[in-house]
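For reference, the structure discussed in these notes is given below.
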Amino acid sequence: MPFYLDEAEQRALLGLIEAAIAAAPLFQPRMPRTGKPFSVKMTNCGTLGWVSDQRGYRYQPAHPATGRPWPPIPPLALQAWNELGRYPHPPEACLVNVYGLAARMGLHQDRDEEDFAAPVVSLSLGSTCIFRFGAATRGGKTQSLELASGDAIVLGGAARLAYHGVARILPGSSNLLADRRINLTLRRVTMPPRAAIDA
DNA sequence: AAGTAACA
DNA sequence: ACGG
């Protein structure tokens with residue numbers, strides 16, 4: 001979905017994310033068990049945030065270092081969820097992944113959420129990346145796609161559990177952020193409540 | 001295995 | 001492939 005956000009929107013969203021990072025500092029996630037650090041840095045917005053450390057993957061309501069609640073999801077990101085997600089409940093998490101030139105993300109599934117009927121909506125800011133995605137089983141074929149600043153993708157339906165990752169960041173590919181990529185992924189984490197029944 | 005290394 |  002090329003150029004979902006125009007340049008003005010990208011700058012506006014970047015400002016909101018920088019403010020969120022100031023309130024909820026970037027941290028370095030670590031692998032379960034081994035404690036090996038990820039090459040990306042992360043933070044979150046929303047009522048729940050995804051964290052990974054030696055104890056495992058989980059969603060939690062507060063920042064692991066500050067203990068404070070995560071800042072709210074920026075309005076422009078909520079708008080993207082509403083326009084692209086086609087899902088009748090709000091997102092609870094907006095994971096913010098920050099990639100430098102050396103950062104990568106191995107192939108994985110997003111499967112720590114309760115409701116796989118809800119899509120994952122992704123927004124890219126800054127440097128272009130080579131994004132890889134495949135089937136919902138490991139070891140299948142993968143395709144490559146460049147994601148540039150302002151692009152949006154939706155992992156929904158059959159693609160909700162597709163393996164995906166980031167192979168590399170392309171140097172010199174952005175005027176918005178010098179050799180840095182910020183990816184936002186919006187997720188519904190918990191099963192939404194059943195519709196209220198009027199008495 | 002959301003990790004790395006090493007191979008072609 | 002390794003190994004959690």
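Order of the sequence lines fixes the chain letters, A, B, ..., with proteins taken first and strands second; residue numbering starts at 1 for each chain. Note that the structure is predicted; figures quoted are calculated from it, not measured.
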(request) Assign A/S52 to base, sugar-phosphate, or nothing according to its heavy-atom contacts below 4.0 angstrom with the strands shown. (result) nothing
(message) Could you tell me the Watson-Crick or G-U partner of B/dA2, where both distances fall under 3.5 Å? Say none if there is no partner.
(response) none
(message) Expressed as a whole number of angstroms, how long is the span from A/M31:CE to B/dA1:C1'?
(response) 4 Å
(message) Would you call the rings of A/F27 and A/H63 parallel, tilted or perpendicular, taking 30° and 60° as the class edges?
(response) perpendicular
(request) In whole angstrom, give the distance that lies between atom CG of A/L107 and atom P of B/dA2. (result) 9 Å
(request) Ignoring backbone atoms, test whether A/R30 places a side-chain nitrogen or oxygen under 4.0 Å from the OP1 or OP2 oxygen of B/dT4. (result) no
(request) Please report, rounded to the nearest Å, how far the P atom of B/dT4 is from the NE2 atom of A/H108. (result) 14 Å
(message) Which heavy atom of A/F116 sits nearest to which heavy atom of A/D110, and what is that distance?
(response) CE2-O, 4.0 Å
(request) Identify which one of A/S173, A/S127, A/S124 satisfies the side chain to side chain donor-acceptor pair (under 3.5 Å) criterion when paired with A/R181. (result) A/S124
(message) Please name the nucleotide paired to C/dG3 by Watson-Crick or G-U wobble geometry with both distances under 3.5 Å, or report none.
(response) none
(request) Might you point out which heavy atoms bring A/G165 and A/L107 nearest each other, and give the distance in Å? (result) N-CD2, 3.7 Å
(message) Classify A/R111 by what it touches in the nucleic acid, base, sugar-phosphate, or nothing, heavy-atom distance under 4.0 Å.
(response) nothing
(message) Could you tell me how far apart A/H164 (NE2) and B/dA2 (C1') are, to the nearest whole angstrom?
(response) 8 Å
(request) Write down the distance between CG (A/D110) and C1' (B/dA1), rounded to a whole number of angstrom. (result) 15 Å
(request) Using whole Å, report how far CE of A/M105 lies from P of B/dA1. (result) 16 Å
(request) Give the rounded distance in Å between these two atoms: CZ of A/R55 and P of B/dA2. (result) 18 Å
(message) Counting the atoms with a prime plus P, OP1 and OP2 as sugar-phosphate, which does A/D112 contact under 4.0 Å by heavy atoms, base, sugar-phosphate, or nothing?
(response) base
(message) Assess whether a salt bridge exists between A/R187 and A/D112, defined as any Lys/Arg side-chain N lying under 4.0 Å from an Asp/Glu carboxylate O.
(response) no
(request) Could you check how far CZ of A/R138 sits from C1' of C/dG3, rounded to whole Å? (result) 13 Å
